[in-house]
Protein chains: 2
Amino acid sequence: MSDLVTRLRRHNWRITPQRRVIAETLEGSHVHFTADEILERACERMPELSRATVYNTLNEMVALGEVLELAFDGRSKRYDPNADHAHHHLICEGCGLMKDVHAVGDPIEWLPGDERHGFAVTRAAITYRGRCPDCQDAA
Amino acid sequence: MSDLVTRLRRHNWRITPQRRVIAETLEGSHVHFTADEILERACERMPELSRATVYNTLNEMVALGEVLELAFDGRSKRYDPNADHAHHHLICEGCGLMKDVHAVGDPIEWLPGDERHGFAVTRAAITYRGRCPDCQDAA
DNA sequence: TCTTTGTTTAGACATAGTCTAAGCTAGGAT
DNA sequence: ATCCTAGCTTAGACTATGTCTAAACAAAGA
Ligand SMILES: [Mn+2]
Ligand SMILES: [Mn+2]
Ligand SMILES: [Zn+2]
Ligand SMILES: [Zn+2]
C-alpha cells in the first residue's frame, strides 16, 4: 500500500506542515473519518490547525483523485484514503461500523444495455448493509 | 388512484390533508425529490403547509418502509416512493439526473464469505455513475 | 531583497435538518 | 352536543455541516 503523502507528492502539490498532518491522519485501512474527526485528531499534533484548512485540504485531495468522498447517511461526508484500491463498503446498521470489501466481478457488467437510459456508465459502487458481530449479539 | 397513499393507509396511519398532499407529490417513476422540492410542489396545492410537517411526514413514511431515503451527494437527502420495487440508481455526473435501474442478479451473492467480516449482510444497493445523453453531447 | 503566488486563518455566511412549545383537529366518552 | 385526549401542525429557534471572504502569512523565484 503506497502511502497517501507519497501519492500526493506526485501531483506537484505542495506538502505543507498542515497538509502533511491531515494526510497522515488519513493513513490506514478501513479509515472513513468525517472532516470533524480529522480536525480533532490532526489538532492533537497541530493545535492551531484551522477548520477551513481541513476542508480545503480534503477537497483538494478529493479533486486530485487520491481521497474518496463518501456520502452514505446524509449527515457528514466521510473521507477514504484508499482511492488507489477499488473497493465497496459494508456498513453496520446498528453501530455504523464501516468495512472495505471486494466483490467478485464488475457491477457495470450486471447492468443490461436496455437499463442504461442512453448513459455512458463509467463507475459503480456497491453499499452493503447488515449487522456486525457485536450488533448481532446485542440484538 | 394514489399507489403510495394506498400503501400508507395499510399501516393504520392517519391520512391528513397535509400528508395526502405530500404523498401525492411523491407519486411517479424516477421520482427522487429533495425535501425542499417536495415542500415547494406541495405548497402549490396547500400554501400554508409547513416545512416541519414535510420533514415529519417524510421521516414517518421512511420509518414505515414505504419511502426510501437516498443520500448520494452529501447535500440534501432525496425521497423515493418506489420502495416496493427493489432497484438501483444511475446518476449523471454532469447534471445530476437520476434514473431507476435494475441489475441482473443479487449483489449480495457477489460478496464472498471471507469479505463479510462476520456481518449478517441483508441489503445491497448499487450506485451507477456516468453521463446522460444530453451531457455527453454537451461534453 | 523584492515580488509574486499560493496557503492559512478566523469568522461570517449558507444550507439542511431537528427540536420545542403552543395551538389546532379529530374522534371517543359522557 | 360538549368535553377530553391524543395526535397533528405550525413558526421559529436551534444544531450540524460545509463554504466563502478578506486579511495575514509563507515560500519560491527574479
Ligand atoms: Mn473504503
Ligand atoms: Mn429510485
Ligand atoms: Zn455494529
Ligand atoms: Zn446529464
Side-chain angles (χ1 to χ4, degrees), chain A residues 4-5 8-26 32-64 66-80 96 98, chain B residues 5 8-9 11-26 32-64 66-80 96 98:
Chain A
L4 178 57
V5 174
L8 289 166
R9 223 192 298 270
R10 293 193 194 116
H11 293 273
N12 295 352
W13 191 62
R14 214 149 102 190
I15 309 290
T16 65
Q18 289 89 346
R19 288 173 178 178
R20 172 182 297 280
V21 168
I22 292 165
E24 288 176 356
T25 299
L26 271 174
H32 307 97
F33 293 140
T34 65
D36 268 356
E37 287 166 351
I38 293 162
L39 174 61
E40 185 181 3
R41 286 159 197 263
C43 276
E44 291 168 8
R45 288 174 54 195
M46 184 181 278
E48 71 280 16
L49 180 68
S50 75
R51 212 165 60 100
T53 295
V54 171
Y55 277 105
N56 288 343
T57 299
L58 289 172
N59 285 337
E60 285 159 13
M61 294 189 305
V62 170
L64 292 174
E66 298 298 351
V67 167
L68 300 175
E69 189 178 72
L70 309 176
F72 290 128
D73 57 5
R75 291 190 291 263
S76 43
K77 291 175 187 168
R78 291 181 175 272
Y79 294 89
D80 183 337
M98 192 185 308
Chain B
V5 172
L8 289 166
R9 223 193 295 271
H11 293 272
N12 295 353
W13 191 62
R14 209 149 105 192
I15 309 290
T16 65
Q18 288 89 345
R19 289 173 177 179
R20 172 182 297 281
V21 168
I22 292 165
E24 287 176 356
T25 300
L26 270 173
H32 307 97
F33 292 140
T34 65
D36 268 357
E37 287 166 351
I38 292 162
L39 174 61
E40 185 181 2
R41 286 160 197 263
C43 277
E44 291 168 8
R45 288 174 55 194
M46 183 181 279
E48 71 280 15
L49 180 68
S50 76
R51 210 166 61 98
T53 295
V54 170
Y55 277 106
N56 288 342
T57 299
L58 289 171
N59 286 338
E60 285 158 14
M61 295 190 304
V62 170
L64 292 174
E66 298 297 351
V67 167
L68 300 176
E69 190 178 72
L70 309 175
F72 290 127
D73 56 5
R75 292 190 290 264
S76 43
K77 291 175 188 169
R78 291 182 175 272
Y79 294 89
D80 184 336
M98 190 184 310

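Reminder, nothing fancy here: chain letters follow the sequence lines and each chain counts from 1.
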query: After noting the C-alpha distance and the side-chain angles of B:H32 and B:L70, does the key distance pass the side-chain contact (heavy atoms from CB on, under 4.5 Å) rule?
result: CA-CA 8 Å; B:H32 307 97; B:L70 309 175; 3.6 Å; yes
- prompt: Within this structure, what is the CD-to-C1' distance between A:E37 and D:dA16, rounded to whole angstrom?
  reply: 14 Å
query: Between atom CZ in B:R20 and atom C1' in D:dT9, what is the gap in whole Å?
result: 17 Å
query: Within the pair A:S76 and D:dG18, is there a side-chain N or O less than 4.0 Å away from OP1 or OP2?
result: no
message: I'd like to know if the side chain of A:R9 reaches the main chain of A:I15, judged simply by a donor and an acceptor atom lying under 3.5 Å from each other, with no hydrogens or angles considered.
response: no
message: Show, in sequence, the C-alpha distance, side-chain angles and deciding distance for B:T57 and B:W13, and conclude whether the side-chain contact (heavy atoms from CB on, under 4.5 Å) test is met.
response: CA-CA 11 Å; B:T57 299; B:W13 191 62; 3.9 Å; yes
- request: Please answer whether the main-chain N or O of B:L39 pairs with a side-chain N or O of B:R51 as donor and acceptor at a distance below 3.5 Å.
  value: no
- request: May I have the distance from A:L70 (atom CG) to D:dG18 (atom P), rounded to whole angstrom?
  value: 12 Å
query: Which whole-number value in Å describes the distance from A:R19 CZ to C:dT7 C1'?
result: 6 Å
- prompt: Distance check: side-chain N/O of A:Q18 vs OP1/OP2 of C:dT9, anything under 4.0 Å?
  reply: yes
For residues 42-49 of chain A, which side-chain donor-acceptor pairs fall under 3.5 Å, sequence neighbours excluded?
unit_1 : atom_1 : unit_2 : atom_2 : d
A:R45  : NH1    : A:E24  : OE1    : 3.1
A:R45  : NH2    : A:E24  : OE1    : 2.8

query: OP1 or OP2 of C:dA16 sitting under 4.0 Å from any side-chain N/O of B:T34?
result: no
task: Starting at atom CD1 of B:I22, determine the distance to atom P of D:dT9, rounded to an integer number of angstrom.
output: 7 Å
statement: Of B:R14 and B:K77, the one whose nearest nucleotide on DNA chain C sits closer to the 5' end is B:K77
Residue-level proximity of residues 45-64 of chain A to DNA chain C when a heavy atom falls under 4.0 Å: A:E48, A:L49, A:S50, A:R51, A:A52, A:T53, A:N56
field: Which residue lies more 5' along DNA chain C, comparing B:P17 with B:A35 via nearest heavy atoms
entry: B:A35
Atom-to-atom span, CG of B:D73 to C1' of D:dG18 - whole angstrom: 13 Å
task: Check the distance between C:dT18's C1' and B:E69's CD and give it to me in whole angstrom.
output: 13 Å
- request: Provide, to the nearest angstrom, the distance between the CZ atom belonging to B:R75 and the C1' atom belonging to C:dG17.
  value: 16 Å
- prompt: Should A:M61 and A:I22 be marked as a side-chain contact (heavy atoms from CB on, under 4.5 Å) after you check the CA-CA gap, both sets of side-chain angles, and the distance that decides it?
  reply: CA-CA 10 Å; A:M61 294 189 305; A:I22 292 165; 4.0 Å; yes
- request: Salt-bridge test for A:E66 and A:R10: reply yes if a basic N is under 4.0 Å from a carboxylate O, no otherwise.
  value: no
- prompt: Looking at the side chain of A:D36, which of D:dT17, D:dT9, C:dG6 is the nearest nucleotide?
  reply: D:dT17
